[in-house]
There are 2 protein chains.
Amino acid sequence: MIQSLNEHNREDLQEALGKGGQKLTPQREVVFAVLLAQRDHPTVDEVFNRARESMPGLSLATVYNCLETFVGCGLVRQVNHERESTRYCPNLAPHAHFRDKETGQVHDIELPPEVMKSLRSILPPGFDSEVIEISFLGRTKAYDPLHSN
Amino acid sequence: MIQSLNEHNREDLQEALGKGGQKLTPQREVVFAVLLAQRDHPTVDEVFNRARESMPGLSLATVYNCLETFVGCGLVRQVNHERESTRYCPNLAPHAHFRDKETGQVHDIELPPEVMKSLRSILPPGFDSEVIEISFLGRTKAYDPLHSN
DNA sequence: CTTGCGGTTTAGATTCATTCTAACTCATTA
DNA sequence: TAATGAGTTAGAATGAATCTAAACCGCAAG
Ligand SMILES: [Mn+2]
Ligand SMILES: [Mn+2]
Ligand SMILES: [Zn+2]
Ligand SMILES: [Zn+2]
């Protein structure tokens, strides 16, 4: 359960924070390590509870602060599904999110460049988009290759 | 400013409510009329304030109730952008939403069937999606056909 | 060293959209 | 006329997120 970053990830974190004019702190390290350790799109409370295991004095406010800082530095994305608590995702590749209606689990769905292009192409002239968010809601069944056609 | 439904829309509303086991009420008529009159994706408070002009005794709780009922009957979609207040949209055609970062305005973006298909195609086997939400965030410039190439 | 500074962290208060509760209204039916 | 039950209402409660002000801490100047 001990959350710590390897050298490589710590350097990445430090560099990204530096570019955003922010410092590396023990709290930020722990919170970032939590995000990397289990990529299940945790809520703030989930991050808080996991991070407290390695840093018991950590406060909820600091988790909010750290995550906001990471988003500002482009290290992490916020994931919103309807009115639920915000979730956090350290996957920087272009991807959509799929939420399983039954389990509540959130899965990353890779977004091929050609799909991105077709999406951008639906914008009328004069519409200039920086961010596209795509979220699916549905169910996941275990995939059985033997019984798929 | 008086909000009332024409015969055609009232019938549509009554039919859709009926299918969902719900009744047509004066409050529901006014709230639905507000949504049809100005398709700017109003928040609950905006709907409330507009609807009160034709029905002063209307309560905020009822606006929440009516909108929830409409969503349940498939008459209206909820539109979420990040953590902002939920907005409501009576456009039942498949479409995405574009939010202007500067004005806050939300625009409908038509979703051609082939884009829907390409989107569905990115789901891995076993992922079955009922709802796809697509939202753009960006800026809109007035489009000048003379100076576009 | 010692002090001051500024960014960070912290606990707790506050905000505010949304949901909940319980009383009331009112049309329909027994 | 009375009972029923869906719908409406005002206000209370909820809870994620934000705000506030004090404490903390690394660092640099004196
Ligand atoms: Mn790297
Ligand atoms: Mn019609
Ligand atoms: Zn993700
Ligand atoms: Zn819309």
Indicate whether OP1 or OP2 belonging to dT18(C) is found under 4.0 Å from a side-chain N or O atom of T86(B). yes
Using a strict heavy-atom distance below 4.0 Å, which residues from residues 96-107 of chain B are in contact with DNA chain C? none
The side chain of C66(B) is closest to which nucleotide in this list: dT18(D), dT8(D), dA17(C)? dT8(D)
Can you figure out which of dG7(C), dA16(D), dT9(D) approaches the side chain of K23(A) most closely? dG7(C)
Classify T25(A) by what it touches in the nucleic acid, base, sugar-phosphate, or nothing, heavy-atom distance under 4.0 Å. sugar-phosphate
Sub-3.5 Å donor-acceptor pair from the side chain of E11(B) to the main-chain atoms of H8(B), do we have one? no
Please tell me which of the listed nucleotides, dA10(D), dG7(D), dT19(C), lies nearest to the side chain of Q22(B)? dG7(D)
Of the listed dA16(D), dT9(C), dT18(C), the closest approach to the R83(A) side chain comes from dT18(C)
Which ring-ring contact (aromatic ring centres under 6.0 Å, His included) pairs, counting each pair once, include a residue from residues 35-65 of chain B, with sequence neighbours left out? H41(B)-H97(B)
Looking at D100(B) and R139(B), is there a salt bridge between them, counting it only when a charged N and a carboxylate O are closer than 4.0 Å? no
What nucleic acid atoms does T43(B) come within less than 4.0 Å of, heavy atoms only: base, sugar-phosphate, or nothing? nothing
Nearest to the T62(B) side chain among dA17(C), dT8(D), dA16(D), which nucleotide is it? dT8(D)
Presence of salt bridge, E7(B) and R10(B), under 4.0 angstrom: yes
The residue, L60(A) or N80(B), whose nearest nucleotide of DNA chain C is more 5′ is L60(A)
Looking only at the side chain of A61(A) (C-beta and beyond, no hydrogens), which of the listed nucleotides dT10(C), dT8(D), dA17(C) gets closest? dT10(C)
Is there side-chain contact between L13(A) and F70(A), with heavy atoms separated by less than 4.5 Å? yes
Identify whether the distance between the nearest side-chain nitrogen and carboxylate oxygen of D45(A) and R50(A) falls below 4.0 Å. no
What is the nucleic acid contact for L58(B), judged by heavy atoms within less than 4.0 Å: base, sugar-phosphate only, or nothing? sugar-phosphate
V106(B) with V44(B), same ILVMFWY side-chain cluster at under 4.5 Å: no
